[in-house]
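Since the structure comes first, as structure tokens, the remarks are kept for the end.
In what follows, chains are A, B, ... by sequence order, proteins preceding strands, each numbered from 1. This is a predicted model, so every value here is computed, not measured. Just so it is clear, the values below take in all heavy atoms, side chains as well, and ignore hydrogens, waters and symmetry mates.
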Amino acid sequence: MDIPKTYDPKQAEQNHYERWEREGFFAPEINRDPRAPIFSIVIPPPNVTGSLHMGHALQHTMMDVLTRYKRMCGYRTLWLPGMDHAGISTQMVVTRELKKEGLSRQDIGREKFVERVWQWKQESGGQISKQMRREGASVDWSREKFTMDPDLNRAVREVFVRLYDDGMIYRGNRIVNWCPNDQTVLSDLEVEKVSQNGKLYYLRYPLKSGKGHVTVATTRPETMLGDTAVAVNPNDERYRTLVGETLLLPLTTREIPVIADEFVEPEFGTGAVKVTPAHDANDYEMGLRHSLPQVLVIDSQAKMTEAAGEEFAGLDRYKARTKVVEKFEELGLLEKVVDYEFAISKCERCKTVIEPLISTQWFMAMDKLRDRALESLQQDKSPQFVPEVPYEKVYSNWLENLRDWTISRQLWWGHQIPAWYTADGTVVVARSEEEARQKAGTNELTQDPDVLDTWFSSQLWPFSTLGWPEDTKDLATFYPTSVLMTARDIIFLWVSRMVMMGLKFMDQAPFADVFVTGTILDAHGQRMSKTKMNGVDPLEVFDKYGVDATRLKLASVGSTDIRWSEKQVESYRNFANKIWNAARFCLLNSESATINPQTLNVDSESPLHDRWIVSRLNRVAREVRKALTGYEFHEAVQTLYHFFWDDFCDWYIELTKGDITAEEATTGRVQARTRLLTVLEQALCLLHPFMPYITEELWQKLPGVNGELLHPAYKGAALSIMLAAYPEGQSELIDENAEWEMQAVIDLITRVRNIRSEMNIKPGERVTLLIGSPDEKLRAVFMANTAQISRLARAAEVSINEKLEAPRASARAVLIGGAEVAVPLAGLIDFGQERQRLSKEKEKLSAESAKLAAQLANPQFTERAPAEKVEEVRARIAEIAQRNAQLNQTIANLG
RNA sequence: GGGCGGUUAGCUCAGUGGUAGAGCAUCUCGUUUACACCGAGAGGGUCGGGGGUUCGAAACCCUCACCGCCCACCA
């Protein structure tokens, strides 16, 4: 067999995915067991405009690890892929394309524009699904969904109609966040607060009575043109007499009242606030409380309206600001201007400053939905957040303060609102135009031109993708899903809304658990972003180090933020190479052997290293299963890494090498080779969910791979490690005794190696080992393993006795269980150096002993600490004392 | 303004009440036929500062400092 010395990830990555997909391994139907437990995940649908970034790769890796793991455990698994139509982003992309042709979307009209978007989606959209194949994501492509698919559109309309009928969706004229650049309304969540250095202007409004003025402070002087009152706190002594007075609003002919409202903070500014109900959310509320008129002075283009007065009409809001300030100054009404830092609202997408204005939009009332979600959390702990702290609280706090959601958008790309208007303006909400006509009793209808917020369709994702509102088999089987894997920035936008919709329409939260991943920052601890150009492209990392190595790194990220470090990927690349070469060794020495699970049924007659590796294998399988059940990915990766590298490669292969490479083809050789191959096969299975490509590549090369290795649920399927049974981790195969005995052997070998290294003994030099052990059992262990010990400690001779008798010119070490080893070094030993080496060890022991003795001397400790702890300390002190005595003797013997 | 997270070896991070860990980096040795993307051995931390609880704290509580994130209707 010809196997290259270095693992080439690219080859393995090209070899298997297509076959897995073609054979239908990703689809739940591959599982033939009608009673198989269910495991399902829906992917957080990436934007159709998006391309793969580290955040995706991170989530996808974790989802795939779980999916592959559960599949190997015999679950009927579904990981459902798909994409989001991403209203604004996509519309912007296509608009930009049109612009290159010198066209605007208005030029071609709505219908043509939407066609263009679909065309764009066909040609350039969904890059990400190709990239997901590279990741090895075991998603069921046959069930792929897009939020604009006709069936999902149907779900959207159904939900809209039902919520409207329940009075939970309504149309209203309210203050909203308007983006003057994107020309659409936005929800509160699509607006970001940005701290800004600005000015606070103090403006004087004269009293109509002529008895002076009131000074108000504002960051937006231009809005004064729309003022309809000035408010003060009712308890503010300074203004008590002014409440009810009338002010002359400068630059206008309006007279406005002074009102009293609790909202006003007397400490801030002058304690008097100008009230602009049409252009400020707080003022809007105040206006409602006091029935103030709303004067719209800024339009959707962020330009001043006619209502702002002749002088200002048509001016941009910032030009108007300058002009207002100038006028006030001319009139002697500008008291002062001070520097002031405050938070300003910007459009999350285009960073344009939001203009709050009054507009007719569609809203969703959230209170009932919210209450139900909170109830579900409090009573049923559903969903379960991982990690629970802090996300459960973040989620519930947000819900508690939730306000109505603006769901309409002035875009063309998206789900058009299923509402129609008759000639007289009556609103008809229906599932289709036909239904609307019936309801309205007329054919003269105009559909509302607006579309729904992208998140309106995303929030239905866990059930709309499974066929809702039809009562499909998939819906019954896979809803609710097992877990949602997500980044924390969409807990509000998406997670909470899915819960509310799931409870409302399915009577069950859409997922049992919510795992919130950490964020991958750049090397300097900054968020990766397109604008900063500091993003790391996962595909480049795949090319450089391989998909499996990258996945291993990502899987170990967990829930905390980490800085990207390529070094770690490199070390996992090395790990992949290690796996490759370990397998290479096994395969190069596999003649006349095949995998045979029977050989792992070791008994007390079996060689120590075999009993040991079987015990380790089962222990590790249990640990990995436990870690994955608790979403402790890092723990699972570390456990597997050390099992494979340390236990399997560094010790097991080395211990068994003598038998494996024996010249003669004895049954012992066949048995050793069989066992080695079988352990390797099990190790590959353990690793497969994390490293799908290399494990499949190697598994397919193993002699004796057959259908028996597959999980019973996949009997008869084509062979793949994907469908192999995940190692059980049987507790009865964990052999504490074997692990302790092996530890004694490892300790002995390590001590001798240490002596060799410190005494500068050449690697080629064979030494003699004199071992003394008063414990008969331990002597038997060393005796039974002399071949391994000589091989790994490079000894020519091993002599084991009850009492150590060694020449003076020996280097010595004290071992586990009161044993000792001596390496005679006649002519080689430097007594001074040896004394120093032993003294160093003694010092270490003394320091530890002193600490423990002090602890034991403390009556508080012996009285209050658990008895077993105290006993542990006593035992350890005794052990140290024994070692110390031996060391003293040894040093004395040196003369 | 409120809430939360981080601070552990030179670097990147695990560890959440009982003797401080990993990977990388460092030092020494190595042509042992799976692997130098390797092997063997070694060095390196009073776990951000201070206080408290406890027989015992990196871990629990308080407090301070620095870094970061989220939420928020003081114009």
Side-chain angles (χ1 to χ4, degrees), chain A residues 3 5-7 193 200 216-220 223 231 263-276 280-286 340 342-343 389-391 393-394 397-398 401 488-489 491-492 519 521 523 525-527 545 549 553 556-558 560-568 570-589 632 634-635 637-638 641-642 649-650 653-654 657 661 749-750 753-758 760-764 791-792 794 847-848 851-852 855-856 858-866 868-870 872-873 876:
Chain A
I3 305 166
K5 275 191 171 188
T6 306
Y7 170 55
K193 298 280 175 123
L200 190 58
V216 296
T218 181
T219 55
R220 299 199 59 194
T223 62
F263 165 77
V264 181
E265 298 282 343
E267 291 76 29
F268 187 86
T270 62
V273 185
K274 60 191 274 310
V275 184
T276 322
D280 180 279
N282 298 314
D283 294 2
Y284 174 80
E285 299 287 337
M286 224 187 310
Y340 182 59
F342 62 103
V389 178
Y391 297 112
K393 212 169 139 191
V394 166
N397 283 351
W398 182 79
N401 299 310
R488 70 175 146 255
D489 52 350
I491 290 177
F492 306 145
T519 309
L521 308 169
Q526 291 202 301
R527 256 190 123 72
Y545 299 103
K553 158 70 191 166
S556 56
V557 166
T560 49
D561 296 354
I562 57 125
R563 296 176 187 215
W564 179 254
S565 150
E566 217 174 70
K567 279 279 168 201
Q568 287 164 357
E570 193 184 329
S571 86
Y572 286 125
R573 189 269 320 259
N574 295 351
F575 180 54
N577 194 239
K578 188 74 182 178
I579 295 170
W580 182 259
N581 277 289
R584 180 168 179 265
F585 172 78
C586 297
L587 290 168
L588 290 174
N589 294 286
E632 287 165 341
H634 183 268
E635 186 68 28
V637 170
Q638 288 308 305
Y641 181 94
H642 290 291
C649 293
D650 287 348
I653 290 185
E654 295 305 329
K657 213 173 227 175
T661 58
I749 294 167
T750 306
R753 282 171 171 173
N754 177 283
I755 288 171
R756 297 185 62 111
S757 175
E758 302 238 330
N760 294 318
I761 298 167
K762 293 270 170 297
R791 185 185 170 86
L792 298 187
R794 307 192 66 70
E848 192 189 339
K851 233 158 91 181
L852 293 171
Q855 206 176 359
L856 210 55
N858 183 353
Q860 304 273 40
F861 173 69
T862 46
E863 280 163 32
R864 302 198 190 182
E868 70 209 50
K869 271 297 159 211
V870 178
E872 247 173 55
V873 171
R876 181 69 184 145

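Summarising the geometry, the separation between CD on A:E570 and C1' on B:rA25 is reported as 11 Å, rounded to the nearest angstrom. Going from atom CD of A:E872 over to atom P of B:rG17 covers 16 Å, rounded to whole Å. The CG atom of A:N282 sits 8 Å away from the P atom of B:rC73 (whole-angstrom rounding). Atom pair A:E267:CD and B:rC73:P shows a separation of 20 Å (rounding to whole Å applied). Atoms CG (A:L521) and C1' (B:rC13) sit 13 Å apart, rounded to a whole Å. Rounding to whole angstrom units, CG of residue A:D650 and P of B:rA40 are separated by 5 Å. As a whole-Å value, the separation of A:N401 CG from B:rG3 P is 14 Å.
Close to B:rG56, at under 4.0 Å from its OP1 or OP2, lies no side-chain N or O of A:K869. Neither OP1 nor OP2 of B:rG23 sits under 4.0 Å from any side-chain N or O of A:K553. Taking 4.0 angstrom as the limit, A:K5 places a side-chain polar atom (N or O) nearer than this to OP1 or OP2 of B:rC35. One finds no side-chain N or O of A:R876 lying less than 4.0 angstrom from the OP1 or OP2 phosphate oxygen of B:rU19.
Under a 4.0 Å N-O distance rule, the pair A:D280/A:K274 does not qualify as a salt bridge. Using a 4.0 Å cut-off between a side-chain N of Lys or Arg and a carboxylate O of Asp or Glu, A:K657 and A:E654 qualify as a salt bridge.
Between B:rG21 and B:rA58, the two C1' atoms lie 12 Å apart (nearest whole Å). When the P atom is compared between B:rU16 and B:rU33, the two are found 42 Å apart, to the nearest whole Å.
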Dump every N/O contact between nucleotides 41-45 of chain B and the protein below 3.5 Å, one line per pair.
from   : atom 1 : to     : atom 2 : distance (Å)
B:rG41 : O3'    : A:N754 : ND2    : 3.2
B:rG41 : O2'    : A:S757 : OG     : 3.3
B:rA42 : OP1    : A:N754 : ND2    : 3.0

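The backbone N or O of A:I3 lies less than 3.5 Å from a partner atom in the side chain of A:R584, making a donor-acceptor pair.
Stem regions for RNA chain B, each three or more consecutive Watson-Crick or G-U pairs with both distances under 3.5 Å and listed by first number, read B:1-7 with B:65-71, B:10-13 with B:21-24, B:26-30 with B:38-42, B:48-52 with B:60-64.
One can find a donor-acceptor pair under 3.5 Å joining the base of B:rC37 and the side-chain atoms of A:R573.
When heavy atoms are screened at a 4.0 angstrom cut-off, A:S571 is found touching the sugar-phosphate backbone but no base atom.
Residues A:Q568 and A:Y545 form no side-chain contact, since every pair of their non-hydrogen atoms from C-beta on lies 4.5 Å or further apart.
Taking the six-membered ring for Trp and the full ring otherwise, the centers of A:Y641 and A:F575 sit less than 6.0 Å from each other.
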